[in-house]
Amino acid sequence: MASSLPRQAFRLASSSSTSSTTAALRAASATSRRCASTLQNTTARRSTQWTFPKNGSGKRSYSNLPPGGSPPPRETNKINFWPFVAVIALTSGAYMLLVNRRKDMPPNPSSSSSSSSAAAAAPSTSSTPAFSPTDVTVIFVLGGPGAGKGTQCARLVSDYGFTHLSAGDLLRAEQDRPGSQYGQLIKDYIKNGAIVPMEVTIALLENAMRDTLSATKTNGKGRFLIDGFPRKMDQAVKFEEVVCPAKMVLFYDCPEQEMEKRLLERGKTSGRADDNAESIRKRFRTFVETSMPVVDYFEKQGKVVKVDSTPGPEKVYEETRERLRRVFGDKF
Ligand SMILES: Nc1ncnc2c1ncn2[C@@H]1O[C@H](COP(=O)(O)OP(=O)(O)OP(=O)(O)O)[C@@H](O)[C@H]1O
Ligand SMILES: O=c1ccn([C@@H]2O[C@H](COP(=O)(O)O)[C@@H](O)[C@H]2O)c(=O)[nH]1
C-alpha cells in the first residue's frame with residue numbers, strides 16, 4: 001500500500017510542520033482504510049453475484065427457472081414505445097444542458113493549447129519531484145554506522161555552504177518531540193537498528209529541505225548533504241521520485257572492526273540508545289543486507305564516489321575534497 005499513498009502523505013512532520021505531519025499520515029491511513037473497505041464492498045458484491053440458488057439435489061441451478069418450480073407465465077408480446085421515447089428525450093436534454101454549461105467554464109489548466117498532443121492527453125504515469133535538480137543539489141552521504149559520515153559532512157558544510165540533513169538526527173528529533181505519534185515507533189526501530197518506514201523519513205527530509213529553502217533567500221536554490229539516507233531501496237526510489245533526484249552519492253568505506261571501535265568509543269558520551277554492542281551488531285547487519293544494495297543501485301548509475309574512511313578525519317576530508325573537485329570542478 002505504501003507505494004500508492006497519496007503524495008500528501010509525504011508532507012510530514014518537521015518541528016514547524018507538526019500538524020501537517022499528523023494530517024498527512026492520517027490521510028494516508030484513511031486512504032488505506034477506504035481502499036480496504038472498497039475492496040470489502042467489491043468482494044461482497046462479487047460474492048452476491050456468484051451466489052446461485054441450489055436446486056433440490058443440493059447442486060447449483062444455472063437455469064433461469066426457479067429451483068424445482070414451474071416456468072414463469074409468458075408475457076404477451078406487446079411493446080410499449082412511450083417509455084423509450086421519454087428516456088431518449090430526457091437524455092438528449094441533459095446532454096445539451098451539459099454542453100452549454102461547459103461553454104461558460106474556464107479552460108482546464110492542464111489542457112492548454114498542446115492538449116491535442118498524445119503526451120498531453122495521456123494520463124501522467126510519474127510524479128514530478130518537489131524540487132528541481134537544476135535548483136537543488138542533493139548529495140547522498142552513505143557508509144556503515146560509524147564510518148565517519150557526520151564528521152565529514154560537518155567539514156563540507158563550512159567549506160561548500162551545504163545544508164547538512166542527517167536522517168538519523170531528524171528521526172531522533174521527531175522521536176523526542178512532545179506529542180509525536182511516531183515517537184515510540186522510531187525509538188523501537190532505532191534501538192533495533194532497523195529502518196523506519198520510509199513515509200516518515202522522507203517527509204521529515206522534504207520538510208527540512210523546504211524549511212531551509214524558504215529561510216534562505218536564494219530563490220529556491222540550495223545544496224544538501226543528505227546523511228545516512230537512503231538506507232533501503234524503497235526510500236531511494238521514492239525520494240528521487242517525489243522529492244529530488246541526487247547528483248552524487250558519497251560513500252564512506254570502512255571496515256566493520258574500525259567502525260565498531262569508533263561507535264563504542266562514541267557510546268561513552270553520545271547518549272545514543274544504539275551505540276552499544278548489541279544494537280551495533282544489528283545495525284551492521286541491516287547495513288550489509290538492506291543498505292548496501294542501495295549503494296550498488298547507484299553504482300550502476302555511475303553516481304557513486306567511494307572514499308576510504310579508515311584513515312584519520314583530516315586525510316579522509318582531503319580525499320573527499322579532491323573527489324568533489326573532480327566531479328563538480330574547481331568552482332563548486
Ligand atoms: N576518520 C576517522 N577516524 C577516526 N575516528 C573517526 C573518524 N571519523 C569519525 N570518527 C569518530 O567516529 C565516531 C563516529 O563518527 P561519525 O559520527 O562521523 O560517524 P557516522 O558515520 O556519522 O555514524 P552514524 O552512522 O552512527 O551516525 C565519532 O566519535 C567520530 O569522532
Ligand atoms: O533513513 C534512515 C536513517 C536512519 N534510520 C534509523 O536511525 C538510526 C540511526 O541512524 P544514524 O544515521 O546512525 O544516525 C538507524 O540505525 C536507523 O534505525 C532509519 O530508520 N532510516
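The analysis underlying the following values was restricted to heavy atoms, covering all of them including side chains, and did not include hydrogens, waters or symmetry mates. The first residue in the sequence is number 1, and the count goes up from there. Counting starts at 1 for both ligands and their atoms, in listed order. Just so it is clear, the model here is predicted, and its values are computed rather than measured.
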Over all atoms of both residues, closest heavy-atom pair of [X] and [Y]:
X	Y	answer
Val136	Cys244	O-SG, 3.9 Å
Ile202	Gln235	CD1-O, 4.0 Å
Leu213	Gly220	CD2-O, 3.8 Å
Ser291	Arg231	OG-O, 2.9 Å
Ala236	Tyr297	CB-CE2, 4.5 Å

Taking only heavy atoms of [X], which atoms of ligand 2 are found under 4.0 Å from at least one of them?
X	answer
Ile195	20 (O), 21 (N)
Gly168	10 (O), 14 (O)
Gly228	1 (O), 2 (C), 3 (C)
Thr201	1 (O)
Phe229	1 (O)
Asp274	9 (C)

What residue and atom, counting heavy atoms only, is the protein's closest point to [atom], and at what distance?
atom	answer
atom 5 (N) of ligand 2	Leu171 CD1, 3.4 Å
atom 4 (C) of ligand 2	Arg231 NH1, 3.4 Å
atom 11 (C) of ligand 1	Arg262 CD, 4.2 Å
atom 25 (O) of ligand 1	Lys149 NZ, 2.7 Å
atom 23 (O) of ligand 1	Gly146 N, 3.1 Å
atom 19 (O) of ligand 1	Gly148 N, 3.3 Å
atom 20 (O) of ligand 2	Val196 N, 2.6 Å

Which segment of [X] sits under 4.0 Å of ligand 1 when only heavy atoms are counted:
X	answer
Arg283	side chain
Pro311	backbone
Arg272	side chain

Taking the non-hydrogen atoms of [X], is any one of them nearer than 4.0 angstrom to ligand 1?
X	value
Gly143	no
Cys153	no
Pro313	yes

Between [X] and ligand 2, which part of the residue brings a heavy atom under 4.0 Å of the ligand: side chain, backbone, both or neither?
X	result
Ile190	both
Arg272	side chain
Thr286	neither
Gln235	side chain
Lys232	neither

### Message
Considering both backbone and side-chain atoms of Ala167, is one of its nitrogen or oxygen atoms within less than 3.5 Å of a nitrogen or oxygen in ligand 2?
### Response
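So ligand 2 has no N or O lying under 3.5 Å from an N or O of Ala167.
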
Does [X] reach ligand 1 with a nitrogen or oxygen that is under 3.5 Å from one of the ligand's nitrogen or oxygen atoms?
X	result
Arg266	yes
Val316	no
Thr151	yes

### Message
With side-chain hydrogen bond (donor to acceptor under 3.5 Å, both in side chains) as the criterion, how do Ser180 and Glu174 come out once you've worked through the C-alpha distance, each side chain's angles and the decisive distance to 0.1 Å?
### Response
CA-CA 7 Å; Ser180 167; Glu174 178 65 19; 2.8 Å; yes

Does [atom1] in [X] sit with more than 12 non-hydrogen atoms of other residues, nucleotides or ligands closer than 6.0 Å?
X	atom1	result
Lys303	NZ	yes
Glu289	CD	yes
Lys247	NZ	yes

Provide the number and element of each atom of ligand 1 under 4.0 Å from a heavy atom of [X].
X	result
Gly150	18 (O), 20 (P), 22 (O)
Leu263	26 (O)
Pro145	25 (O)

### Side chains of Ser279 and Asn276, donor plus acceptor under 3.5 Å
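Side-chain D/A pair, Ser279 to Asn276: present.
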
### Query
So, Asp159 and Tyr317: side-chain donor and acceptor under 3.5 Å apart, yes or no?
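The criterion, which ignores hydrogens and geometry beyond distance, is satisfied for Tyr317 and Asp159.
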
Under a 4.0 Å threshold between the charged nitrogen and the carboxylate oxygen, would [Y] count as salt-bridged to [X]?
X	Y	value
Lys315	Glu318	no
Glu322	Arg325	yes
Arg283	Asp275	yes
Asp274	Lys191	no
Lys261	Glu265	no
Arg155	Glu314	yes

### Task
Give a yes/no verdict on whether any heavy atom in Ala194 is under 4.0 Å from an atom of ligand 2.
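Judged by the 4.0 Å heavy-atom criterion, Ala194 does count as contacting ligand 2.
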
### Message
I'd like to know if Met198 contacts ligand 2, where contact means a heavy-atom distance under 4.0 Å to any ligand atom.
### Response
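No.
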
### Message
Over 60° means perpendicular and under 30° means parallel, so tell me whether Phe140 and Phe239 are parallel, tilted or perpendicular.
### Response
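Ring orientation, 0 to 90° scale: perpendicular.
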
### Query
Do Arg321 and Phe332 meet the cation-pi criteria used here (NZ or CZ under 6.0 Å from the six-membered ring centre, within 45° of the axis)?
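No, cation not above the ring by the 6.0 Å, 45° rule.
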
### Task
Select the closest option to atom 14 (O) of ligand 2 among Arg172, Arg283, Gln175, judged by heavy-atom distance.
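Minimum heavy-atom distance to atom 14 (O) of ligand 2 goes to Arg172.
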
